[in-house]
Participant: 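Here it is, the structure, as C-alpha cells.
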Amino acid sequence: QVQLVESGGGSVQAGGSLRLSCVAPGHSRNCMGWFRQAPGKEREGVATIDSDGSTNYAASVKGRFTISKDNAKNTLYLQMLNLKPDDTATYYCAAEGWDCTVAAGGDNFGYWGQGTQVTVSS
C-alpha cells in the first residue's frame with residue numbers, strides 16, 4: 001500500500017529549478033527526508049527534516065536545495081535551485097526515520113514513496 005506520493009519531477013536544463021512535493025498523510029509531523037538514486041549508483045540522502053523543523057543536508061546540495069513541510073497539508077517539499085546534471089536521479093520521499101540525519105541513511109526510514117524522476121541536461 002503506497003502511503004507517500006511524490007510529484008513535481010521533470011526535465012530541466014542546468015541552472016533551472018524544480019519543486020518536489022510528497023503527500024504523506026499521518027507522517028508529516030515526524031522525521032521525513034528526501035533520497036535519490038541515479039542509474040548504477042547507490043541511493044543517497046539529500047535532505048531530512050525532523051519533527052521540530054531542524055534540517056540536515058548532503059554537502060552536494062547544501063545552499064541549493066531547501067527541505068520544508070506543511071503539516072496542515074500533510075506535505076513535504078524539496079525546493080531545488082541551480083540544478084546540475086549530477087542531480088539527475090529518481091527522487092524518493094521517506095518518513096518515520098528514527099535517526100533524522102542524511103548520514104544515517106535510508107534504511108532507518110519505514111515508509112517510502114514510489115519516486116519521481118528529475119533529469120537535468122547540460
Side-chain angles (χ1 to χ4, degrees):
Q1 181 180 359
V2 175
Q3 302 205 20
L4 310 180
V5 181
E6 303 103 332
S7 63
S11 297
V12 297
Q13 291 190 325
S17 62
L18 286 172
R19 188 176 80 155
L20 307 183
S21 299
C22 172
V23 178
H27 299 293
S28 64
R29 294 186 183 276
N30 301 315
C31 169
M32 297 193 69
W34 287 98
F35 292 78
R36 66 187 182 186
Q37 188 166 21
K41 295 186 177 180
E42 293 187 355
R43 181 180 62 194
E44 64 173 342
V46 176
T48 59
I49 183 166
D50 212 337
S51 56
D52 63 357
S54 59
T55 58
N56 186 245
Y57 294 92
S60 60
V61 306
K62 202 167 187 178
R64 300 187 297 122
F65 291 10
T66 302
I67 189 171
S68 63
K69 57 182 177 176
D70 185 332
N71 290 332
K73 296 182 178 180
N74 295 310
T75 303
L76 176 73
Y77 301 100
L78 185 68
Q79 178 68 55
M80 305 185 292
L81 303 177
N82 191 22
L83 283 160
K84 303 176 180 181
D86 283 348
D87 295 318
T88 295
T90 300
Y91 284 70
Y92 300 89
C93 70
E96 308 290 349
W98 55 265
D99 184 341
C100 207
T101 62
V102 169
D107 288 347
N108 82 106
F109 283 80
Y111 297 89
W112 291 84
Q114 82 288 352
T116 186
Q117 178 67 35
V118 172
T119 302
V120 185
S121 58
S122 58

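Values in this document were obtained by computation on a predicted structure and should not be read as measured data.
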Participant: Looking at CD of Gln13 and OG of Ser122, how far apart are the two atoms once the value is rounded to the nearest 0.5 Å?
Facilitator: 9.0 Å
Participant: For Ala24 and Leu4, work out which heavy atoms get closest and say how close.
Facilitator: CB-CD2, 3.3 Å
Participant: Going by side chain to side chain contact (heavy atoms under 4.5 Å, CB included), name the residues that satisfy it together with Asp99, two or more places apart in sequence or in a different chain.
Facilitator: Thr101, Ala104, Asn108
Participant: Would you say the side chain of Arg29 lies within less than 4.5 Å of the side chain of Ser51, judging by non-hydrogen atoms?
Facilitator: no
Participant: Between Glu6 and Leu20, is there a donor-acceptor pair closer than 3.5 Å when you use the side chain of the first and the backbone of the second?
Facilitator: no
Participant: Can you measure from CZ (Arg19) to CE (Met80) and round to the nearest 0.5 angstrom?
Facilitator: 11.0 Å
Participant: When rounded to the nearest 0.5 angstrom, what is the spacing between OG in Ser68 and CG in Leu78?
Facilitator: 8.5 Å
Participant: Please name all residues satisfying side chain to side chain contact (heavy atoms under 4.5 Å, CB included) with Asp86, sequence neighbours left out, ordered by chain then number.
Facilitator: none
Participant: Can you name the closest pair of heavy atoms from Cys100 and Thr48 and give their distance?
Facilitator: O-OG1, 3.2 Å
Participant: Quick one: ring-ring contact (aromatic ring centres under 6.0 Å, His included) pairs with a partner in residues 55-88, sequence neighbours left out?
Facilitator: none
Participant: Consider only side-chain heavy atoms of I, L, V, M, F, W and Y, link residues closer than 4.5 Å, and tell whether Val61 and Leu18 are in one cluster.
Facilitator: yes
Participant: Val12, Val46: one ILVMFWY side-chain cluster at the under-4.5 Å cut-off?
Facilitator: yes
Participant: Quick check: closest heavy atoms across Leu81 and Ser17, and the distance to 0.1 Å?
Facilitator: CD2-CB, 3.7 Å
Participant: Would you say Val102 and Ile49 are hydrophobically clustered, going by side-chain heavy atoms of ILVMFWY under 4.5 Å?
Facilitator: no
Participant: Mind checking the NZ-CG spacing from Lys69 to Leu76? Nearest 0.5 Å is all I need.
Facilitator: 7.5 Å
Participant: Return the CD to SG distance between Gln3 and Cys22, rounded to the nearest 0.5 Å.
Facilitator: 11.0 Å
Participant: Can you list everything that forms a side chain to side chain contact (heavy atoms under 4.5 Å, CB included) with Asp107? Sequence neighbours excluded, please.
Facilitator: Arg43
Participant: Side-chain heavy atoms under 4.5 angstrom apart, residues restricted to Ile, Leu, Val, Met, Phe, Trp, Tyr: same cluster for Ile67 and Leu83?
Facilitator: yes
Participant: Minimum heavy-atom separation for Ser121 and Pro85, please, with both atom names.
Facilitator: C-CG, 4.4 Å
Participant: Quick one: side chain to side chain contact (heavy atoms under 4.5 Å, CB included) partners of Pro25, sequence neighbours excluded?
Facilitator: Val23
Participant: For the backbone of Gln79 and the side chain of Thr66, can you confirm whether one donor and one acceptor N or O come within less than 3.5 Å of each other?
Facilitator: no
Participant: Are the side chain of Asp50 and the backbone of Asp52 linked by a donor-acceptor contact shorter than 3.5 Å?
Facilitator: no
Participant: Minimum heavy-atom separation for Gly97 to Phe109, with atom names?
Facilitator: N-CD2, 3.5 Å
Participant: Sorted by first residue and then second, give each side chain to side chain donor-acceptor pair (under 3.5 Å) pair with at least one member in residues 88-97; sequence neighbours left out.
Facilitator: His27-Glu96, Asn30-Glu96, Arg36-Tyr91, Thr90-Gln117
Participant: Taking all non-hydrogen atoms of both residues, which atom of Val5 and which atom of Gln114 are closest, and how far apart?
Facilitator: CA-OE1, 3.7 Å
